[in-house]
Amino acid sequence: MENNFFYASSLKIEFDHTFSIEVNRCSLSEILLAFKRIVSQLLPEFIMKVLLGYAEYTMNLEIKPFSCDKCCNNKDFIWKTRHGKKTKLLTIFQWVALQQLQVQCKCCFHKFYITRKLLGVEPLKRIPEETQRKLGLIGALASFRVSEKIMSMFGVTIDKMTIWKAVQNTGKKILFNLDPYELAQGEADGTGIRIQGIKKRGRELKVFVQHKRTGGIRIAGLDIGNYHSGWDKLFKPVLKVLKGFNTFLLLTDGDTSIFKGLGSKVKVKLQRCLWHIPHQLKYTLWSDKVKRKTADWLHILAESIEICAIRSLVDDTDIIDSMVKSKLARLDKLISFCKEKEYHSSAEFLENAKPDMFTAINNRLNGKTTSRVERVMRTVNLRANVGKWSPQGALNATKIRLAYYYNGFDA
Ligand SMILES: [Zn+2]
């Protein structure tokens, strides 16, 4: 809730305040400590003074920056009280109790408070949105303990619990989606995060990023759930915007069955993350009981890395065609090799990956074929690894964090 009223010229409010300070020594630290105490004393008075000065000024205006709740009159009011019952609200520094300013409507005689209306603060809310967002951002960027510590060094008396709540409330309000004006390409990937009461890497955080024209990325979706499931929940919110694109290139290793129901309106072209393939092969080789660093293990990994390496800046279509052809032939040979040796999981894994390995390059889409979500995940983990989280708690903190780093969210 913003107060959109502007003064014709800036309003000057002058006031004096008499301080009385007690110090034991005249050291800098002692003086600064006294300053912190003054701030906490001064702040409510300071707000009240400015508020009252502004209120007096607006009462002399023909059209007021507020209107009657009952009859919508915005011209004729009389003062009821300048020292009404107190309303408490949290600022970024501390709690303040403000005396309410009350006016009466000359048209319908309705009496109401104008304090929060003038401040641009939501009615009844003890923690205004303005404060909530700032605390939410602090708590998403640093651990609650660190947030509390740093804030206290500046004289802020806000406890961990309040910061935690602000993270939850702010995170809940952040919704991600695709931007129809950015590129029709993106990546989706998942990473494990620690969850309270669940062994080590308990849940999977799934991130959907969209590539931007400027070369960067933005967050288009975020969800938390079990491993290897719930990909539809990640993609569902973006389907509407997705339909505005003709072709969307999606780099992912996740389950993409949700896109099959899209009809002919939008084509989602899938590209396997080539960066991941050798990594995933290590896992399938392990389940095929191929010992690390044996000749077969080395051969399969080396081949897969070479197949997955795509040289950028190749723009001759004939060269591209020929390159993809040779890579596919090499891949077929590798699959046959795995089959011969009865490395079934590895053979199956490569066969499944094959159709989506060269989509980007075959379609002359200048999409990246290696994951940039990795970086995003590191950004997530820096915070998620500190402290214990419930799934919802982790999701909300991550939302703020990523919105801040990638989508221009600020408090
Ligand atoms: Zn009225």
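What you are looking at is a predicted structure, and each value in this text was computed from that prediction instead of being measured. For ligands, and for the atoms within them, numbers begin at 1 and follow the listed sequence.
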Confirm or rule out an N/O/S atom of C71, from backbone or side chain, lying less than 2.8 Å from the Zn ion (ligand 1). yes

Does C107 bring an N, O or S atom to within less than 2.8 Å of the Zn ion (ligand 1)? no

Under a 4.0 Å threshold between the charged nitrogen and the carboxylate oxygen, would [Y] count as salt-bridged to [X]?
| X | Y | value |
| --- | --- | --- |
| K327 | E306 | no |
| E130 | K125 | no |
| E182 | K212 | no |

Taking the cut-offs as 6.0 angstrom to the six-membered ring centre and 45 degrees off its axis, would you call R292 and W286 a cation-pi pair? no

To check your reading of the site, what angle at the Zn ion (ligand 1) do SG of C105 and SG of C68 form, to 10°? 110°

